[in-house]
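Following: one structure in structure tokens, then a few remarks.
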Amino acid sequence: FASYYGDHMVLQKEPAGAVVWGYGEPGAAVTVALSGDGGIIIMKKTARVKGPSGTWTTVLDPMDRGGPYALTAGQGSENVTLRDVYFGDVWLCSGQSNMAMTVLQITNASQELAAAARYPYVRVFAAAPARSDVELEDLERIDLPWSVPTAENLGHGNFTYFSAVCWLLGRYLYEALRYPVGLVEAAWGGTPIEAWSSRRALWACGLPEDAGRLAPEAPAPGPALCFAPPLSPALSSDISPRWHLSGPQTPSVLWNAMIHPLLNMTLRGVAWYQGEANAFLHTDRYNCTFPALIADWRWAFHVGSAGQTEPLLPFGFVQLSTYRRQSPDDSFARLRWHQTADLGVVPNARMPGTFMAVAMDLCDERSPYGIHPRDKQNVAHRLHLGARAVAYGEKGLVFQGPYPTRAVLEVSKGLLNLTYSQELVCRQKDMRAFEVCCSPQPSPCGWLPAPVVAVESRTVTLALAGCGTLVLGLRYAWAEWPCEYESCALYNTRGLPAPPFL
């Protein structure tokens, strides 16, 4: 079997069929059998080992959730059996260090680790950090083979395995679904989105700029990716003229070594926590590179799984949290905006089938890990609400914070009335939460605070002192560190924060 099939694994349940593959003598026939508890064979498949690669692939018939099963692959007199195999939902978790941060490092770590034993049907697997200049068929190394969770393997060390966001998301989903969940971690700290993007996805965004010299061959045929959003005038372009990136920051090296090998896996969804590195690199390309990565991964996983992973694979992500308290820099704010393809809220027309956990109010000034806030429980809770609504179609579940739907200017009174999509709870009448742009020249904008005068059930009234009749722009929570812990200005009645907007 290929590297990421093993004892204790979870394979994707119906309606999809799980893809299984492995190695053998070219030309030989491999028989794959799935058997139940008493050794009774439930399903048999035969696959031919294909030439130079020496690999075979088969798709199991869709299976109901549950287990345990044994999966055997045999060729001639040799066979290998994997035991304690369950069918459920498989989620891939990827990104940089806030995804790699382990259960050992978070708030209440000892309680979370002790609770591991209560979730034997949430199975965990971690790919080792690896990079490659070419697309690999299989993982080079594995940090954690498929395992039943224990305090040891969930808290192996700092930024090793197992991912706290991934584990908590899987655990909350298990509590809602009550059937097995398989979690696959493939994350590497400090890495930009370009390293996780295939050549195809980068080409779609005009990256790298010197691609002509590097790659004379045309990009491989792929999904029709065309994302070239206009840069809004309020954002100055900071695109560097050349890439000077090495190691795991090099374009496509993590796609090649950590994602491409997994494409044959049938998945239920993806969770992504990345972006800090891109607050310092190609920030204003992220509104292209992120939607392009999502579309490209979806296409690649669909094709790689012989059509079993759905083409609109649910894709959840965490909007950037905070870093430095008094930072004048707005690169985090710009990146948060770009994470939504500049539309502020997801799912949207440019990012269908996606969901987002807002995390800008989960700051952690005393975190010993710097840019890594320790409250991952709220992050995963917000993410799992999105998964239940978007991936599982749970009706009537509130999974987003309030978002403005219209703005009306009362010029004579110098007021701006904003109408929101949900009932509002005001936790903080912060002077600087809202800012308006009213300079005659649009760029760069002189942003002025617009104090909150009143908050009604669904409306916010702002004072436009010193703005006259011309309001060119409005923004909310536009700062690297917009508020204190769980104390941004606006939330809904479920405690979900209003996302930032421009």
Side-chain angles (χ1 to χ4, degrees), residues 1-23 30 32-34 42-47 55-73 82 84-94 121-127 135-139 142 145-146 166 169-170 173-174 177 179-186 198 223 255 258-272 294-316 353 387 390-393:
F1 287 100
S3 67
Y4 46 84
Y5 298 93
D7 296 345
H8 315 301
M9 70 179 166
V10 174
L11 293 172
Q12 183 56 44
K13 70 171 188 68
E14 51 72 35
V19 177
V20 179
W21 69 282
Y23 303 97
V30 171
V32 178
L34 184 74
I42 301 168
M43 184 191 315
K44 257 195 164 161
K45 299 277 175 189
T46 313
T55 59
W56 54 268
T57 304
T58 187
V59 180
L60 301 181
D61 301 336
M63 289 287 294
D64 269 345
R65 64 202 195 192
Y69 296 97
L71 187 68
T72 302
L82 308 179
D84 190 37
V85 174
Y86 280 78
F87 287 85
D89 282 345
V90 183
W91 283 78
L92 169 64
C93 300
S94 184
Y121 300 110
V122 182
R123 304 291 172 86
V124 291
F125 173 93
E135 292 182 340
L136 302 182
E137 292 309 307
D138 201 354
L139 295 171
I142 288 165
W146 280 108
C166 193
L169 171 66
L173 285 175
Y174 174 78
L177 301 167
Y179 58 74
V181 175
L183 301 171
V184 177
E185 176 186 347
S198 72
W255 158 264
M258 296 176 75
I259 301 301
H260 189 268
L262 303 176
L263 294 181
N264 297 5
M265 194 182 259
T266 310
L267 292 182
R268 185 67 182 83
V270 176
W272 174 258
I294 295 171
D296 186 64
W297 280 26
R298 282 173 168 164
W299 174 81
F301 274 101
H302 181 65
V303 172
S305 64
Q308 296 303 310
T309 296
E310 59 178 300
L312 200 66
L313 177 65
F315 197 105
V390 173
Y392 294 97

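All of these numbers come straight from a predicted model, not from anything done at the bench.
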Side-chain ([X]) to main-chain ([Y]) donor-acceptor, under 3.5 angstrom:
X: Q308; Y: A16; result: no
X: D138; Y: S3; result: yes
X: H302; Y: E310; result: no

Can you label the angle between the F125 ring and the W146 ring as parallel, tilted or perpendicular, going by 30° and 60°? tilted
Check the orientation of F1 and W56. Use parallel for under 30°, tilted for 30 to 60°, and perpendicular for over 60°.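 Ring orientation of F1 relative to W56: perpendicular.
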Nearest heavy-atom pair of [X] and [Y]: which atoms, and what distance?
X: I142; Y: A126; value: CG2-O, 3.5 Å
X: Q12; Y: L267; value: OE1-C, 3.9 Å
X: A73; Y: V30; value: CB-CG1, 4.2 Å
X: W255; Y: E135; value: NE1-OE2, 2.9 Å
X: D296; Y: S198; value: OD2-OG, 2.6 Å
X: A47; Y: T57; value: CB-O, 3.6 Å

Return the [atom1] to [atom2] distance between [X] and [Y], rounded to the nearest 0.5 Å.
X: Y86; Y: M9; atom1: OH; atom2: CE; answer: 13.0 Å
X: L34; Y: K44; atom1: CG; atom2: NZ; answer: 12.0 Å
X: W272; Y: W297; atom1: CH2; atom2: CH2; answer: 4.5 Å
X: L169; Y: C93; atom1: CG; atom2: SG; answer: 6.0 Å
X: F301; Y: H260; atom1: CZ; atom2: NE2; answer: 10.0 Å
X: T309; Y: L263; atom1: OG1; atom2: CG; answer: 9.0 Å

Given side chain to side chain contact (heavy atoms under 4.5 Å, CB included), test V10 with V181 step by step and report yes or no. CA-CA 7 Å; V10 174; V181 175; over 6 Å; no
Within the 4.5 Å heavy-atom criterion, are V90 and T266 side-chain neighbours or not?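 Sidechains of T266 and V90: no contact.
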Which donor-acceptor pairs under 3.5 Å do the side chains of residues 58-71 make with protein atoms, sequence neighbours left out?
unit_1	atom_1	unit_2	atom_2	d
D61	OD1	K45	NZ	2.6

Apply side chain to side chain contact (heavy atoms under 4.5 Å, CB included) to T55 and list each qualifying residue two or more places apart in sequence or on a separate chain.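 With neighbours one apart ignored, the set is W21, Y23, K50, S53.
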With sequence neighbours excluded, residues passing side chain to side chain contact (heavy atoms under 4.5 Å, CB included) with A391: W91, R268, P314
Y4 atom OH: more than 12 heavy-atom contacts under 6.0 Å: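 More than 12 within 6.0 Å, yes.
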Applying ring pair (Phe, Tyr, Trp, His ring centres under 6.0 Å), can you list everything that pairs with Y174, at least two apart in sequence or on another chain? none
Step by step, would you call F315 with V390 a side chain to side chain contact (heavy atoms under 4.5 Å, CB included)? CA-CA 9 Å; F315 197 105; V390 173; over 6 Å; no
All salt bridge (charged side-chain N to carboxylate O under 4.0 Å, His left out) counterparts of D7, not counting sequence neighbours: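 Partners of D7 under the salt bridge (charged side-chain N to carboxylate O under 4.0 Å, His left out) test: none.
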What pairs with Y179 under side-chain hydrogen bond (donor to acceptor under 3.5 Å, both in side chains), at least two apart in sequence or on another chain?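 Checked Y179 against side-chain hydrogen bond (donor to acceptor under 3.5 Å, both in side chains); matches are D89.
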